[in-house]
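Here the structure is laid out as structure tokens; the discussion comes afterwards.
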Amino acid sequence: MNFRLSVLLAAVLFVAACGSNEEPVAAEAVDPGVAMNAMFEEYVDRYLEMNPVRATFIGINRYNDRMANSNSPEYRAAAEAMDQEFLRRLLEFDREQLGEQDKLSYDIFRIQREQSLEGNQFPSHLQPINQFYSITNFFVQLGSGAGAHPFKTVKDYEDFLSRADDYSVIIDQVITNMKEGMREGVTQPRILMEKLQPQIEAHIVDDPKDSNFYAPVANMPEDFSDEDRARLTAAYEEKITNTIVPSYQRISNFLGDEYLANARETVGLYAQPNGAAWYEYMVRVRTTTDLTPDEIHQIGLDEVARIHGEMRGVMEEVGFEGDLKEFFEYMNSDSQFFFDEPEQLIQGYRDMSDRINELARGLFEIFPKTDFEVRRVEPFREKSASGGSYQAGTPDGTRPGIFYANAYDLSARPNWAMESLYLHEAIPGHHFQIMIQRENEALPNFRRIGGFTAFSEGWGLYAESLGKEIGVYTDPYQYFGGLNAELWRSIRLVVDTGIHAKGWSRQQVLDYMYENSAVAEARAVSEAERFMALPGQALAYKIGQLRIREIRNTAEKRLGDKFDVKAFHTEVLRDGAMPLSLLEAKIGRWIDAQL
């Protein structure tokens, strides 16, 4: 992928006169769309150089020997300066001179730069890790041999040794920032950090061979020479023993000796300095709307009530005698709904792949080319991980898209939840949306690799809602699973705003979950603590789904017999993620063109 097109495209070309008696030829005008897209490519090139791991994840390996110390003052100042520079340069273009696709790029890029700059007023860098997202867990995934960092060549192995040195520096920066946060009263909830510490301690080992970071050595390619094999084995043992394990030991000691005693008892963002404004900002970013926390809270309450009504219909269909709460208890306890072994759960998801991929052809006409596979969430992070997650592949085919399924505590993983989760994370959910976007070479690269949570997670939940249209949810219990998944996202609207805007305690959140859904304790606890760790993120799902469904309803109403669901899905997906207001306007233009 060439990210230096601006070298060729940004300059104005002058044609010199061939003879002394000829008039000079006027400068050739540069199309503003071409010039703007050259600027976008320059931005992506500089962004990836500043964010080398991000480059690795999209299949660009030239920065694989480094990691960014993104919480350092120097990095944050450079990132802010770059946002300011590119926003200024963008605003120099006359938007009205651009074509429709370039106008869309202009609007998306402007929103991203403005939101990034606005967010700098909030001190997220002072609480850089938690039990759900942390560099300590991420680095293990990166270095285990099963993550994004490749371990195919000798250089790949050497690159990761260099990254380990950067990781050590990053850990020291994390500790420095958290100490500053303690002084300024910006700390994580204690309950979350208590969950993080054992995750960290799992990587403090005496024998390097017991480390997750030794896995690439154990699985070294057979074509490596004996000399390289011996050299790299010794280098990894030394790096694990003297750099990586001491880094985990330092952050563990800091948490145990200093941070936990100073972490806060409250769990909501409202309790942080300027917390109400901070949360309102997170709500705008996560939902790409101007909805207030109070408005979202009420939407959640209304949706919970509506879906409860749908669930009572399932109760009648299966002949269950009792009320909804008793039905929840039955769905959470009857042995027919649970597997005995983790591998049965994982294999169940694998078995769905071909069937659902074929069924999706009834509603879709474009499909990702990138391969896809199901993997189990790694044991070291499964206790705090969500039920499922998706990691995008690379368009060049070197790494497939991965659906990580959580098999921790099978009593919290009922089989009736499987079809809806697969639709969300895999097909036609995240794998479709993200890889169709990344494979679209007509898009500027900042759009191919970028994203908006409300669009992506809204699409994932919308994909779940397509279950009956696609041809799944034929079992009423699986349909209940789809309803329960939608209910769960509606409950998130209530509890996320409850935690961060209304002062709800952790126990209030759990009580609301148990009262209104079929959720087992293990999942309820991990999800409640996820909402505490990621303010506003949980709002994106339901708000995004509702808006996408509203847009579809409008298209069906206006187009009538002309409405083609396959064409609609193509139009939603082909231009990649964007704020919901821009999606609505884009589909509006698509509708107008057909009338």
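Computed from heavy atoms alone, side chains included, the values below leave out hydrogens, waters and symmetry copies.
With a 4.5 Å cut-off on side-chain heavy atoms, Ile299 and Leu291 count as touching. Between Asp496 and Leu534, the closest side-chain pair of non-hydrogen atoms is not below 4.5 Å. By the 4.5 Å heavy-atom criterion applied to side chains, Ile58 and Thr394 are not counted as neighbours. Looking at heavy atoms from C-beta onward, Met178 lies in side-chain contact with Ile129 at the 4.5 angstrom threshold. Here the side chains of Gln437 and Arg447 are not in contact, with every heavy-atom distance at 4.5 Å or above. Between Leu487 and Glu310, every side-chain heavy-atom pair lies at or beyond the 4.5 Å cut-off. Within the 4.5 Å cutoff, side-chain heavy atoms of Gln84 are placed close to those of Leu117. The shortest distance between side-chain heavy atoms of Leu443 and Gln101 falls below 4.5 Å.
Here Tyr270 and Tyr279 keep their ring centres 6.0 angstrom or further from each other. Aromatic ring centroids of Phe57 and Phe138 lie under 6.0 Å apart.
Between the side chains of Ser72 and Gln173, no donor N or O sits under 3.5 Å from an acceptor N or O. When only modelled atom types and interatomic distance are considered, Arg66 and Ser162 share no side-chain donor-acceptor pair under 3.5 Å. With hydrogens and angles left out, the side-chain atoms of Arg284 and Thr289 include no donor and acceptor closer than 3.5 Å. If you check the side chains of Asp396 and Thr398, you find a donor sitting under 3.5 Å from an acceptor. No hydrogens or angles considered: a donor-acceptor pair under 3.5 Å links the side chains of Ser456 and Gln433. Between the side chains of Gln141 and Gln391, no donor-acceptor pair is found at a separation under 3.5 Å. Defined by atom type and a distance below 3.5 Å, a donor-acceptor pair is present between the side-chain atoms of Gln537 and Arg530. In this model, no donor atom of one side chain and acceptor atom of the other lie less than 3.5 Å apart for Tyr47 and Asn445.
Side-chain N or O atoms of Asn440 include none that pairs as donor or acceptor with a backbone N or O of Arg448 at under 3.5 Å.
In this structure, His569 and Phe364 have parallel ring planes: the angle between them is below the 30° cut-off, well short of the 60° mark. Between Tyr422 and Phe403, the ring planes lie perpendicular to each other; the angle is over 60°, past the 30° to 60° tilted range. A perpendicular orientation is assigned to the rings of Phe160 and His149, their planes being inclined by more than 60° (bins at 30° and 60°). Ring geometry for His424 against His430 counts as perpendicular: the plane angle is over 60°, on a 0 to 90° scale with 30° as the lower cut.
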Intermediate values then yes/no, salt bridge (charged side-chain N to carboxylate O under 4.0 Å, His left out), Arg399 and Asp371: CA-CA 8 Å; Arg399 191 179 70 248; Asp371 288 338; over 6 Å; no
Working for ring pair (Phe, Tyr, Trp, His ring centres under 6.0 Å), residues Tyr281 and Trp278: CA-CA 5 Å; Tyr281 165 77; Trp278 193 351; 9.0 Å; no
Thr370/Glu439 under side chain to side chain donor-acceptor pair (under 3.5 Å): CA gap, chis, key distance, verdict: CA-CA 8 Å; Thr370 305; Glu439 292 169 2; 2.5 Å; yes
Derivation and outcome, ring pair (Phe, Tyr, Trp, His ring centres under 6.0 Å), residues Tyr404 and Tyr390: CA-CA 6 Å; Tyr404 281 102; Tyr390 176 74; 9.2 Å; no
Salt bridge (charged side-chain N to carboxylate O under 4.0 Å, His left out) evaluation trace for Arg76 with Glu74: CA-CA 6 Å; Arg76 291 186 295 106; Glu74 297 80 9; over 6 Å; no
Audit row: Glu42, Arg89, salt bridge (charged side-chain N to carboxylate O under 4.0 Å, His left out) steps and yes/no: CA-CA 12 Å; Glu42 180 188 348; Arg89 290 169 62 179; 2.7 Å; yes
From CA spacing to verdict: side chain to side chain donor-acceptor pair (under 3.5 Å), Asn37, Glu41: CA-CA 6 Å; Asn37 279 285; Glu41 296 307 311; over 6 Å; no
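Salt-bridge check for Glu550 with Arg552: failed, with every basic side-chain N at 4.0 Å or more from each acidic carboxylate O. Between Asp65 and Arg163, no side-chain nitrogen of the basic residue sits less than 4.0 Å from a carboxylate oxygen of the acidic one, so the salt-bridge criterion is not met. Using a cut-off of 4.0 Å between Lys/Arg side-chain N and Asp/Glu carboxylate O, Arg286 and Glu457 are scored as not salt-bridged. Taking 4.0 Å as the cut-off between side-chain N and carboxylate O, Arg110 and Glu114 count as a salt-bridged pair. A salt bridge is defined here as a Lys NZ or Arg NE, NH1 or NH2 lying under 4.0 Å from an Asp or Glu carboxylate O, and Glu486 with Arg306 meets this definition. Taking a cutoff of 4.0 Å between a charged side-chain nitrogen and a carboxylate oxygen, Arg489 and Glu303 do not qualify as a salt bridge. Look at Asp45 and Arg62 and you find a salt bridge, because one of the NZ, NE, NH1 or NH2 atoms lies within 4.0 Å of a carboxylate O, short of that distance. By the 4.0 Å N-to-carboxylate-O rule, Arg46 lies close enough to Glu85 to be salt-bridged with it.
Shown here is Asp290, whose CG atom has no more than 12 heavy atoms of other residues, nucleotides or ligands within 6.0 Å. Crowding of Glu92 atom CD: a count of heavy atoms from other residues, nucleotides or ligands under 6.0 Å exceeding 12.
Listed by chain and residue number, Arg95, Leu582 satisfy the side chain to side chain contact (heavy atoms under 4.5 Å, CB included) test with Asp107 (two or more places apart in sequence, or in another chain). Considering only residues two or more places apart in sequence or on other chains, Glu419 meets the salt bridge (Lys or Arg N to Asp or Glu O under 4.0 Å) condition with Arg355.
Residue pairs meeting the ring pair (Phe, Tyr, Trp, His ring centres under 6.0 Å) criterion with at least one member in residues 75-94, sequence neighbours excluded, are Tyr43-Phe86.
When each of Val572, Leu583, Ile434 is tested with Trp459 by the rule side chain to side chain contact (heavy atoms under 4.5 Å, CB included), just one qualifies, namely Val572.
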